[in-house]
Amino acid sequence: MAFATSALVRSLSTSASRQAAIKHVTVIGGGLMGTGITQVAAQSGHNVTMCDVSDDIVQKGLARIQDSLKRVVKKKYKDDPTAGQKFFDSTMENIRIDTNVERVAASTDLVIEAIIENLDIKQKLFSSLDKVAPQHTIFASNTSSLPIKDIASTCERQDRFGGLHFFNPVPVMKLVEVVRFGATSNETFQSLTDFGQAVGKTTVSCKDTPGFIVNRLLVPYMMEAVRMLERGDASAKDIDVAMKLGAGYPMGPFELTDYVGIDTCKFIMDGWHELDPDQPLFKPSELVNKLVAEGKLGMKSGEGFYSYKK
């Protein structure tokens, strides 16, 4: 019993020290994903600095967080406005904004990158941060389609590099995929898992495979629906109705593709096809290419597989 108790204390102490190590988080990117990650980290008591290239972007991002928090307060604290205001104020007190990423990274415990899905830009960013961040600082990318190994290739600290793939909208979606590649240390992987759970998410672990878990299954599913439409097997509407009523999905594949963005799906599939051109699941779609070329990107453009114009 004494041995078991001692082992438990050591285990708890190790877990606590890992969690305590991540006190300050730097989120790079003031868009939807970056602001969402900033919000959930701040809500859970972390000190967070959100960075982007211009003051205008980070100010707009901060305003987006404030609006999101007000919705949370209205929903969760409608019967206790005092507690709601305390929640709002304490969360905002945990957030800072900056446009000098290297300055912020020089005193942070975890960097989460949530910028454009461009490998070269991500590599250059992390290469510059690798030179100024403390030795203990962990790097993580929120990429949904690019290999973590490739993003980390320009860094010395590959053992302290992994993936934290949040889902949009971050404050609502409950999942985080924690991704490791060959060089990711067990300590880094566990610290990223602990952080994901600390911000209130359910974590799943995955190797550095294209699309990780969710997108690896979801994007080919959406593209196979497109191929059915291209072959004339069924209409987009009938495929959507079939999957909602027959499989219990909340959205059909074409509704989901329009919601995600047809250009986003194309970008992901093009990247995967380049990595593995012999994989039939990654074969490009002529219809998708045509819609993107015409600017029909889904809900955000007002038209995709469906029309959203009033």
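These numbers come from the heavy atoms of this one structure, side chains and all, not from hydrogens, waters or symmetry mates.
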Could you pull out every donor-acceptor pair under 3.5 Å between side chains of residues 24-33 and any protein atom, sequence neighbours left out?
| unit_1 | atom_1 | unit_2 | atom_2 | d |
| --- | --- | --- | --- | --- |
| H24 | ND1 | T108 | OG1 | 2.7 |
| H24 | NE2 | T49 | OG1 | 2.9 |
| T26 | OG1 | T108 | OG1 | 2.9 |

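Under the 3.5 Å distance criterion, with hydrogens and angles disregarded, no donor-acceptor pair is assigned to the side chains of N47 and K23.
Here K122 contributes atom NZ and S127 contributes atom OG; the two are 15.0 Å apart, rounded to the nearest 0.5 Å. With rounding to the nearest 0.5 Å, the separation of OG1 in T35 from CE in M50 is 6.5 Å. We find the OG1-CD1 distance between T184 and I138 to be 10.0 Å, quoted to the nearest 0.5 Å. A distance of 11.0 Å separates CD in Q39 from CG in L62, rounded to the nearest 0.5 Å. Separating the CD atom in Q135 from the CD atom in E156 is a distance of 11.5 Å, to the nearest 0.5 Å.
Shown here for P169 and Y259, the closest heavy-atom pair between the two residues is CD-OH, 4.4 Å. The two atoms that bring G211 and E177 nearest to each other are O-OE1, 4.4 Å, heavy atoms only. Nearest heavy atom pair, residue P253 against residue I239, reads CG-CG2, 3.7 Å. The shortest heavy-atom contact between T257 and C265 is CG2-SG, 3.9 Å. Across V58 and D98, no two heavy atoms sit closer than the pair CG1-O, 3.8 Å. Of all heavy-atom pairs between L164 and N142, the closest is O-OD1, 3.0 Å.
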Notebook entry, point to check: Under the salt bridge (charged side-chain N to carboxylate O under 4.0 Å, His left out) criterion, do R227 and E224 qualify, and how do the steps go?
Noted result: CA-CA 5 Å; R227 294 186 184 105; E224 185 58 24; 3.6 Å; yes
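Side-chain contact check for H165 versus S144: some heavy-atom pair is nearer than 4.5 Å. Residues F305 and L291 form a side-chain contact, since some pair of their non-hydrogen atoms from C-beta on lies under 4.5 Å apart. Using a 4.5 Å heavy-atom threshold, the side chains of K296 and I262 count as separate. For the pair F254 and V226, the minimum side-chain heavy-atom distance is below 4.5 Å. Within the 4.5 Å cutoff, no side-chain heavy atoms of R180 are placed close to those of L192.
Below 30°, between 30° and 60°, or above 60°: for F139 and F126 the angle between ring planes is between 30° and 60°, a tilted geometry. Between Y306 and Y308, the angle of the ring planes goes over 60°, which puts this pair in the perpendicular group of the 30/60° scheme.
For R71, the side chain to side chain donor-acceptor pair (under 3.5 Å) criterion is met by no residue, not counting sequence neighbours. Scored by the side chain to side chain donor-acceptor pair (under 3.5 Å) test, N215 finds no partners at all (sequence neighbours excluded).
Hydrophobic clustering (ILVMFWY, side-chain heavy atoms < 4.5 Å, transitive): M299 and V219 are in one cluster. Under a hydrophobic clustering in which Ile, Leu, Val, Met, Phe, Trp and Tyr are joined whenever their side-chain heavy atoms come within less than 4.5 Å, directly or via other members, V53 and V132 fall into different clusters.
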